[in-house]
Amino acid sequence: MSKTNLNPVAETDRAWVSEAIDQAVRRVQKIDGVVVDFPHITEKKQWKFTPDGVWTGGFWAGLLWLAYERSGDAATLERAIHFTDRLLPRADDSNNHDLGFMFVPSAIKGWQLKGNEQYRLAAIQAARALAGQYIPEAGYIPGWGFFGGEDWSGNVLVDTLMNLPLIVWAVDQGAEPELLDVVRGQAGKTLRHIVRDNGSVYHMFRFAPGTGEPIAGDTYQGHAPETTWARGQAWAIAGFAMLAGMLKDDEYLKASECAAAYFLDQLPGDGVPPWDFQAPDDLPYKDASAGAIASFGLIKLYDVTGNRSYLDTASRLLYALFDTCANDQDEGGLLLHSTADLPHGLGIDESAMYGDYYYLKALMRLQQRLSTT
């Protein structure tokens with residue numbers, strides 16, 4: 001599937017998977033020992049915290065739930081509940097396209113593990129709040145509200161794909177079926193304008209606010225409008241794969257597979273993606289978080305297609321992260337060498353909560369899939 005010469009040890013020796021998971025869980029518990037608020041990204045390996053979780057709080061609660069699922073540790077469970085409870089008031093956010101990121105790893109996972117009905121109802125409300133941001137005349141959910149002091153009402157982000165499964169799940173739980181119109185509209189807008197012919201994606205696409213008339217592709221965290229920001233490419237792989245599985249949609253499946261083919265074709269020999277696939281030589285930064293997200297997406301593609309090569313490739317990508325980026329030190333996150341936002345000088349060669357979450361989630365799913373094959 002890929003020209004990248006990824007290490008075959010990932011397929012021949014599976015013991016590393018358990019080792020990687022256990023190391024990651026220990027790191028989660030060590031991080032939890034020093035946090036009061038939600039860890040977001042690191043600077044010089046020191047976590048920056050937010051009181052409300054901004055858009056990454058769900059990943060921290062989700063990491064605690066995953067660590068509890070693995071360890072059964074009562075203290076970790078208590079902390080997972082604590083941070084999930086702190087997110088519940090945000091189920092009514094009316095200007096936040098990241099509600100899936102916030103409530104799938106936290107409230108839905110907590111409901112699945114402990115049966116807390118309050119969590120299920122909060123996640124359904126968050127799905128309604130997300131769908132309520134859809135502008136029918138324009139055909140999209142705007143990205144970021146007024147993030148950074150700018151008006152983003154004319155912008156669609158590839159990231160929003162990852163939040164749409166919250167709405168599909170809510171409909172499966174009894175929410176209004178017409179909410180799926182939002183999913184179809186947003187995914188269709190992404191397919192038509194963000195996905196390029198070669199399978200790569202724009203980070204964002206600008207439209208005329210209110211009318212939805214297309215203007216141009218652009219980027220915020222990538223190198224340039226026509227380059228390919230690696231994390232955005234990973235969001236496309238995983239987002240379309242999840243929707244393909246949940247909605248049994250071949251168009252979404254094709255988009256995910258094309259995005260995966262591009263990602264793997266551009267991947268360097270060490271298996272760890274750069275922050276942008278067309279980044280110039282004087283900006284040689286990696287983004288381990290993009291590798292973790294892409295690995296999760298490849299496992300979802302395996303689930304949908306049964307194609308074993310997707311699982312094997314995910315295994316090799318995760319091994320590359322474990323071998324070169326996994327953190328066994330006393331500072332920083334689960335993964336080193338992530339890049340949050342290079343153009344704006346944030347989290348360069350650091351740890352990022354979303355990368356840490358998808359790393360552990362993908363590892364645990366990999367182990368589950370390997371145990372049945």
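Start at 1 with the first residue, then count along the sequence. In this text, all values refer to a predicted model and were calculated from it rather than measured experimentally.
- With a 6.0 Å cutoff to the six-membered ring centre and a 45° limit on the axis angle, R369 does not count as a cation-pi contact of Y302.
- Under the 6.0 Å cut-off for aromatic ring centres, F207 and H193 qualify, their centroids lying closer than that.
- In this structure, Q29 CD and L64 CG are separated by 9.0 Å, a value rounded to the nearest 0.5 Å.
- Within the 4.5 Å cutoff, side-chain heavy atoms of L130 are placed close to those of I167.
- Between E257 and K254 there is no salt bridge, since no side-chain N of the basic residue sits under 4.0 Å from a carboxylate O of the acidic one.
- For the side chain to side chain donor-acceptor pair (under 3.5 Å) with T228, the lone residue among Q266, H203, R196 that qualifies is R196.
- Aromatic rings of F38 and F83 (six-membered ring for Trp) have centroids within the 6.0 Å cut-off, being under it.
- Ionic pairing of E69 and K109 is present here: one or more N-O contacts between side-chain nitrogen and carboxylate oxygen are shorter than 4.0 angstrom.
- When the shell of 6.0 Å around CG of D281 is examined, it contains 12 or fewer heavy atoms from other residues, nucleotides or ligands.
- Contact annotation: the side chain of L336 approaches that of S351 to within less than 4.5 Å [non-hydrogen atoms, C-beta and beyond].
- Ring centroid separation for the pair F101 and W55 comes in under the 6.0 Å cut-off.
- Paired with P142 under the rule side-chain contact (heavy atoms from CB on, under 4.5 Å), one option of V156, L157, I135, N155 passes, and it is I135.
- The aromatic ring centroids of F296 and Y359 lie 6.0 Å or more from each other.
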